[in-house]
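Reading through the structure tokens given below for one structure.
Counting convention: from 1, in listed order, for ligands and their atoms alike. Quick caveat, the model's predicted, so the values are computed rather than measured.
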Amino acid sequence: MSPDEGIGHKQELCISIIIFFISYFSIRFLLHHLLLSPKHHNSKKLPPGPKGWPILGSLPLLGNMPHVTLTNLAQQKYGPIMFLKMGTCDTVVASTPQAAKAFLKTLDLNFSNRPTIAGSTHLGYNSQDMVFASYGPKWKLLRRLTNHHMLGNKALEEWSSVRQKEVKQMVKEINKNGISNEEVRISEFLSCAITNMVSQVVLSRRIFEKEGSGSKEFKDMVVEFMVISGVNIGDFVPSVSWMDLQGTDTSGSIIEWALTEMLRNPTILQKAQKEIDQLIGKERLLLESDLPNLPYLQAICKETYRLHPSTPLSVPRVASQACEVDGYYIPKDTRLNVNIWAIGRDPNVWDNPLEFNPERFISGKSAKVSPNGIDFELIPFGGGRRVCVGYRMAMVVIEHVLGTLVHSFDWKLPDGVKEINMDEAFGITLQKAEPLATLVSPRLSSHVYA
Ligand code: HEM
């Protein structure tokens, strides 16, 4: 190589390096300021939040337990109102009672619609059902009819005997397992009984004659519905909406978590049994009409809603108009997720938040807190005008079934099992990763199980 050729090569190399650095920093600048940074929107101040990746935004950050990741991000870095790019969608997450109240009470009307998501398209008859229907005359009519015929106070009372029959049938079936010393997988009995209660109200017939494989498939379908109603990657990145990226383990419910907590804390179980024994003795099953006289049972249910809410990120809403919350700008069409799980574990609200302690709802500052959407520190059913329409029925069924199970049976772990796995399953509904399996023995007079 001649000296001239050597100098030429060096110049080419220098120019290539300069071009590389200019391109690198230009692309970084563009991605950072135009695509990724959620800090400003047309010079208005957005709530703080993670920057995320091109196209997918913050989705890769969410991991297997989005409610847990979002709680950590809020508590450790970004605060109660957090803004994220989820794929191509602007999303705001409310993680404290005050933040939830700002959206679900103060700005309730502006957030009274739900976004169009996979659940609404595939299982909600193209957003024609009540969960996803646009806020307007049709939704109002559906809510009125549902309250009148199925889920309002009067209708609830009219269907009471149907629910109690199902509970009796369930007790009978569980007792058969108890007598033969077989393990009881409670989630399957619960799924069968509760599905039958709802199907008789909605379809005028029972779906399952007895607990079995059919109930498991139906439960899987319901769980899938809950999963795709919550956070589905395809909802945020339309090009992958045909993929079902969250499968989830199924089964589980508030009642299963409550029983699990009581098995880990036998004094709570015994106290609940004593309360019911003192009220009704051992010669009959618990009735729904007994529930108002069982404050400790009610406190156990509230404590379970707090620590193990079934829809940890609620059902999403969407901003109909741009608005302002706490000095932050929220653009039109921003999705809202209320992190119900984070609110239930907020250390600024709850003393020893990770401890299962029903007493906190008996006396002290939380004694009067109700889960019906009024007190924003405990909102398992959401709040505002789109609060869960089934909350009254859910609360009655949960208290009645749980009370009946602890009154009717003694519960113990199978021989050799020392600890219960408390892991949550991968997914957006709060299922137990490992279904509760126990041994039961009857504790009432034998004629009660006949
Ligand atoms: C433990 C049981 C339940 C929990 C934790 C629960 C939770 C929720 C939550 C968090 C929402 C969203 C509320 C919001 O946007 O603020 C919701 C909505 C809804 N829930 Fe429930 N729910 C339960 C049981 C039920 C039952 C038993 C039914 C009916 C039989 C029901 C029917 C609905 C409907 C139709 C909506 C949509 C309401 C609307 O958009 O107007 N839920 N539920």
Side-chain angles (χ1 to χ4, degrees), residues 67 94 100-101 103-105 107-115 117 119-120 123-125 127-147 149-152 155-156 159 162-163 190-191 193-203 222-223 225-226 229-231 252-258 301-302 304-319 335-341 343-344 371-374 376 378-402 428-431:
H67 56 287
K101 193 171 176 181
F103 287 101
L104 298 182
K105 190 167 180 192
L107 287 166
D108 186 24
L109 185 59
N110 194 36
F111 284 90
S112 57
N113 274 301
R114 305 217 188 265
I117 60 176
S120 60
L123 289 169
Y125 302 97
S127 305
Q128 297 302 302
D129 72 326
M130 194 200 311
V131 183
F132 294 103
S134 303
Y135 179 70
K138 195 178 125 199
W139 172 82
K140 284 184 188 162
L141 180 65
L142 285 172
R143 285 240 8 165
R144 241 198 333 269
L145 289 174
T146 311
N147 273 324
H149 294 288
M150 299 180 219
L151 300 169
L156 210 58
W159 289 103
V162 167
R163 292 191 297 274
L190 292 171
S191 167
I194 295 172
T195 305
N196 274 342
M197 289 179 198
V198 175
S199 73
Q200 283 174 95
V201 176
V202 177
L203 306 170
V222 171
V223 168
F225 178 68
M226 292 310 286
S229 302
V231 173
S253 68
I254 297 279
I255 298 169
E256 188 181 22
W257 280 111
C301 294
K302 287 183 193 176
T304 314
Y305 297 138
R306 182 184 74 79
L307 270 181
H308 307 289
S310 321
T311 52
L313 288 176
S314 194
V315 185
R317 311 266 194 106
V318 67
R335 289 178 188 194
L336 166 69
N337 275 111
V338 175
N339 193 341
I340 295 175
W341 193 86
I343 291 171
N372 62 8
I374 305 296
F376 281 84
L378 188 69
I379 46 167
F381 304 103
R385 63 196 76 203
R386 290 205 86 141
V387 68
C388 173
V389 75
Y391 81 85
R392 288 187 202 86
M393 176 175 170
M395 282 168 66
V396 168
V397 168
I398 288 167
E399 286 173 22
H400 183 224
V401 173
L402 183 67
I428 198 67
T429 51
L430 214 65
Q431 309 290 317

Is there a side-chain contact between [X] and [Y] (heavy atoms, below 4.5 Å)?
X: Leu151; Y: Tyr391; value: no
X: Leu104; Y: Phe376; value: yes
X: Leu190; Y: Val401; value: yes
X: Leu156; Y: Met395; value: no

Could you give me the CA-CA distance, side-chain angles and deciding distance for Ile194 and Ile255, then say whether side-chain contact (heavy atoms from CB on, under 4.5 Å) is met? CA-CA 11 Å; Ile194 295 172; Ile255 298 169; 4.2 Å; yes

Which of the atoms of ligand 1 are close to [X], meaning less than 4.0 Å from one of its heavy atoms?
X: Pro380; result: 5 (C), 7 (C), 10 (C)
X: Ser310; result: 1 (C), 5 (C)
X: Val315; result: 11 (C), 12 (C), 15 (O)
X: Ile398; result: 1 (C)
X: Met130; result: 35 (C), 39 (C), 40 (O)

Is ligand 1 less than 4.0 angstrom away from at least one heavy atom of [X]?
X: Arg114; result: yes
X: Leu142; result: no
X: Trp139; result: yes
X: Gly384; result: no

Which one holds for Val397 and ligand 1: side chain close, backbone close, both close, or neither close, with close meaning a heavy atom under 4.0 Å? neither

Any salt bridge (charged side-chain N to carboxylate O under 4.0 Å, His left out) involving residues 386-402? Give me the pairs, sequence neighbours left out, ordered by first then second residue. none

Report the residues that fulfil salt bridge (Lys or Arg N to Asp or Glu O under 4.0 Å) with Arg114, sequence neighbours left out, ordered by chain and then residue number. none

Give yes or no for whether the N/O distance cutoff of 3.5 Å, strictly under, is met between [X] and ligand 1.
X: Tyr305; answer: no
X: Arg317; answer: yes
X: Thr311; answer: no
X: Arg143; answer: yes
X: Cys388; answer: no

Look at the side chain of Asp108 and the backbone N and O of Arg385, then say whether any donor-acceptor pair between them is shorter than 3.5 Å. yes

Mind listing the closest non-hydrogen atom pair of Pro371 and Lys302 along with its distance? CD-CE, 4.2 Å

